[in-house]
Engineer: 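Provided herewith is a single structure, encoded as structure tokens, for subsequent inquiry.
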Amino acid sequence: MTLLAPDTLWWDGGFVPGGLLSVLPSGCTPVAAGIPDRRLPGTLLPGLTDAHVHLALTDLDTIRSGGITEVWDLGGFADPVPGVRYARQFLTAPGGYPSDRPWAPPGSSRFVHSPADGAEAVAEQTGASFIKVTLHTGGPLLSRPTVTSIADAAHAAGLPLIVHCEGPGTVETALAAGADLLAHTPWTSLLDDGVLRAAATQTTWISTLDIHGWGTPTPACETAIANLRRFLSYGGKLHYGTDLGNGPLVPGINPREIRALQHTGLPPADILTAMTPSAATLPPTWIPTGLNLDPSHFADSLSTARPLPPP
């Protein structure tokens with residue numbers, strides 16, 4: 001065990017007065033007293049997670065040096081390494097998204113031909129932490145019974161189902177099938193209240209707001225922010241995710257994504273909650289100059305986070 005004494009410790013939604021952090025290979029826990037092994041300037045906080053990354057299209061070391069401790073690789077192929085959770089292949093209709101995109105690595109999509117094929121497709125995703133389905137209009141789509149069969153097989157294996165939804169009716173299909181998470185905040189149209197209430201009860205959304213314009217206001221970004229604001233108002237839960245690998249996104253912590261989340265009305269404490277779903281099991285994150293919770297400075301302050309330096 002290593003006992004760390006930062007200038008300030010942020011944990012469980014607030015600063016811990018005089019907080020010390022016990023660090024073990026299995027994770028971190030604040031403690032009230034003890035003799036520290038190390039003192040650190042600035043703030044320690046739980047390890048930060050980007051819940052939507054494509055490691056086939058970006059560099060893990062760069063992500064980590066930019067302050068992200070854990071990533072969720074939501075489609076593609078990568079060698080299993082610590083601090084990464086994997087969806088493995090995209091499960092999609094024959095010829096469906098993203099198999100029709102030039103950026104998709106060969107073999108990264110698994111075509112599901114029927115409801116009976118769903119369980120086999122799930123079983124093939126060896127080492128997966130969750131199962132990823134794509135429902136993207138403009139090309140072939142999985143039927144609702146097929147998505148349901150995939151959801152049932154995923155849940156029987158103890159795996160959450162993440163669904164990429166784009167276009168009319170896709171969110172409704174995901175909800176009816178039993179989706180646990182949406183890979184993106186829906187952006188193509190404003191969802192009606194009934195759909196949003198059902199989604200807030202059933203699913204967690206992954207933010208990915210900055211993919212719509214990369215810091216430049218766009219109608220898609222405005223629609224996504226409006227949907228997310230209403231989803232959260234109905235009690236929906238959120239994970240921070242960027243879709244890193246998709247366009248000119250900031251590697252590591254993305255201050256543009258954070259500022260977009262602030263436009264939904266989320267305060268800094270709630271954004272940190274969205275960024276720390278695996279807090280107890282990860283090494284801590286370090287902000288050398290300290291965490292600034294002033295809303296006008298929060299995004300830039302958090303973007304200076306770095307991995308804990310060696311002793």
Side-chain angles (χ1 to χ4, degrees), residues 1-53 55 60-74 78-87 127-130 157-160 162 180-181 204 206-207 237-242 244 251-254 258 268-288 290-291 293 301-311:
M1 181 187 77
T2 301
L3 197 59
L4 303 178
D7 287 343
T8 55
L9 176 66
W10 172 274
W11 213 269
D12 288 335
F15 285 111
V16 181
L20 301 172
L21 190 66
S22 169
V23 180
L24 296 166
S26 58
C28 302
T29 307
V31 296
I35 299 174
D37 299 293
R38 294 179 65 189
R39 295 187 180 275
L40 292 162
T43 302
L44 287 181
L45 62 159
L48 303 177
T49 296
D50 187 331
H52 193 145
V53 167
L55 290 181
L60 180 58
D61 289 340
T62 302
I63 299 169
R64 287 177 167 167
S65 66
I68 294 295
T69 304
E70 177 188 63
V71 301
W72 294 9
D73 183 33
L74 294 194
D79 293 329
V81 295
V84 178
R85 302 174 68 191
Y86 297 92
S129 301
F130 20 65
L159 300 174
I162 299 177
D180 303 288
L181 301 101
T204 298
I206 301 172
S207 58
K237 295 180 180 179
L238 177 72
H239 291 328
Y240 167 93
T242 63
L244 190 59
I253 297 166
N254 184 343
I258 295 166
D270 289 350
I271 293 173
L272 284 170
T273 297
M275 298 180 77
T276 54
S278 306
T281 63
L282 299 178
T285 294
W286 179 49
I287 301 180
L291 176 62
L293 292 177
S301 170
L302 192 59
S303 70
T304 65
R306 296 296 178 262
L308 191 67

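Since the model is a prediction, treat every value here as computed from it, not as a measurement. Numbers here simply count residues along the sequence, with the first being 1.
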Engineer: Which atom pair, heavy atoms only, marks the closest approach of Pro6 to Gly19?
Structural biologist: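 Closest pair (atom of Pro6, atom of Gly19, distance): CD-O, 3.7 Å.
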Engineer: Write down the atom of Ser65, the atom of Pro307, and the distance for their closest heavy-atom approach.
Structural biologist: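 Answer, listing the atom of Ser65 first, then Pro307: O-CD, 4.0 Å.
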Engineer: Got a donor-acceptor contact below 3.5 angstrom from the Thr242 side chain to the Leu244 backbone?
Structural biologist: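 Checking the backbone N and O of Leu244 against the side chain of Thr242, a donor-acceptor pair under 3.5 Å is found.
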Engineer: Any idea which heavy atoms bring Ala51 and His239 closest together, and the distance?
Structural biologist: CB-CB, 4.0 Å
Engineer: Taking atom CG of Leu4 and atom CG of Asp37, what is their separation to the nearest 0.5 Å?
Structural biologist: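 Reported value, rounded in 0.5 Å steps: 7.5 Å.
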Engineer: Given side chains that start at C-beta, do those of Leu21 and Thr29 come closer than 4.5 Å, heavy atoms only?
Structural biologist: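 Counting from C-beta outward, Leu21 and Thr29 never come under 4.5 Å.
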Engineer: Taking it one step at a time, do Ile258 and Tyr240 satisfy side chain to side chain contact (heavy atoms under 4.5 Å, CB included)?
Structural biologist: CA-CA 8 Å; Ile258 295 166; Tyr240 167 93; 4.1 Å; yes
Engineer: With a 4.5 Å cut-off on side-chain heavy atoms, are Val23 and Pro283 touching?
Structural biologist: no
Engineer: As a quick check of understanding, evaluate side chain to side chain contact (heavy atoms under 4.5 Å, CB included) for Ile63 and Leu55, giving each step before the final call.
Structural biologist: CA-CA 10 Å; Ile63 299 169; Leu55 290 181; 4.0 Å; yes
Engineer: Considering only heavy atoms from C-beta outward, does the side chain of Phe15 approach that of Leu45 to under 4.5 Å?
Structural biologist: no
Engineer: Using every non-hydrogen atom in the two residues, find where Val31 and Ser22 come nearest and quote the distance to one decimal.
Structural biologist: CG1-CB, 4.0 Å
Engineer: First locate atom CD1 of Ile162, then atom NE2 of His52, and finally report the distance between them rounded to the nearest 0.5 Å.
Structural biologist: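 Result: 8.5 Å between the selected atoms.
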Engineer: Do other residues, nucleotides or ligands put more than 12 heavy atoms under 6.0 Å from Ile35 CD1?
Structural biologist: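 No - once you tally the heavy atoms of other residues, nucleotides and ligands closer than 6.0 Å, there are 12 at most.
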Engineer: How long is the gap from CG on Asn254 to CG on Asp50, to the nearest 0.5 Å?
Structural biologist: 8.5 Å
Engineer: First locate atom CZ of Arg64, then atom OG1 of Thr285, and finally report the distance between them rounded to the nearest 0.5 Å.
Structural biologist: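 Rounded to the nearest 0.5 Å, the CZ-OG1 separation comes to 11.5 Å.
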Engineer: Rounded to the nearest 0.5 Å, what separates atom CG in Leu272 from atom CG in Leu302?
Structural biologist: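 Rounded to the nearest 0.5 Å, the CG-CG separation comes to 5.5 Å.
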Engineer: Using the rule given for side chain to side chain contact (heavy atoms under 4.5 Å, CB included), can you reason through Ile287 versus Trp10, listing the C-alpha separation, both sets of side-chain angles and the distance that settles it, and then say yes or no?
Structural biologist: CA-CA 11 Å; Ile287 301 180; Trp10 172 274; over 6 Å; no
Engineer: Say you draw a straight line from NZ of Lys237 to CG of Asp270; how long is it, rounded to the nearest 0.5 Å?
Structural biologist: 13.0 Å
Engineer: Quick one: does any side-chain atom of Thr49 pair with a main-chain N or O of Val71 as donor and acceptor, under 3.5 Å?
Structural biologist: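 Checking the backbone N and O of Val71 against the side chain of Thr49, no donor-acceptor pair under 3.5 Å is found.
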Engineer: Of the non-hydrogen atoms in Arg85 and Ser129, which two are nearest, and what is the gap between them?
Structural biologist: CB-OG, 3.5 Å
Engineer: Is the backbone of Leu291 close enough, under 3.5 Å, to the side chain of Thr43 for a donor and an acceptor to pair up by distance?
Structural biologist: yes
Engineer: What is the minimum heavy-atom distance between Ala128 and Leu159, and which atoms define it?
Structural biologist: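 Smallest heavy-atom distance, with atoms named: O-CD2, 3.5 Å.
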Engineer: Can you find a pair of side-chain heavy atoms, one from Ile253 and one from Ile68, that are under 4.5 Å apart?
Structural biologist: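 Counting from C-beta outward, Ile253 and Ile68 do come under 4.5 Å.
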Engineer: What class does the angle between the rings of Phe130 and Trp72 fall in, given that below 30° is parallel, 30 to 60° is tilted and above 60° is perpendicular?
Structural biologist: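 It falls in the tilted class, 30° to 60°.
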Engineer: With side chain to side chain contact (heavy atoms under 4.5 Å, CB included) as the criterion, how do Leu308 and Arg38 come out once you've worked through the C-alpha distance, each side chain's angles and the decisive distance to 0.1 Å?
Structural biologist: CA-CA 11 Å; Leu308 191 67; Arg38 294 179 65 189; 4.2 Å; yes
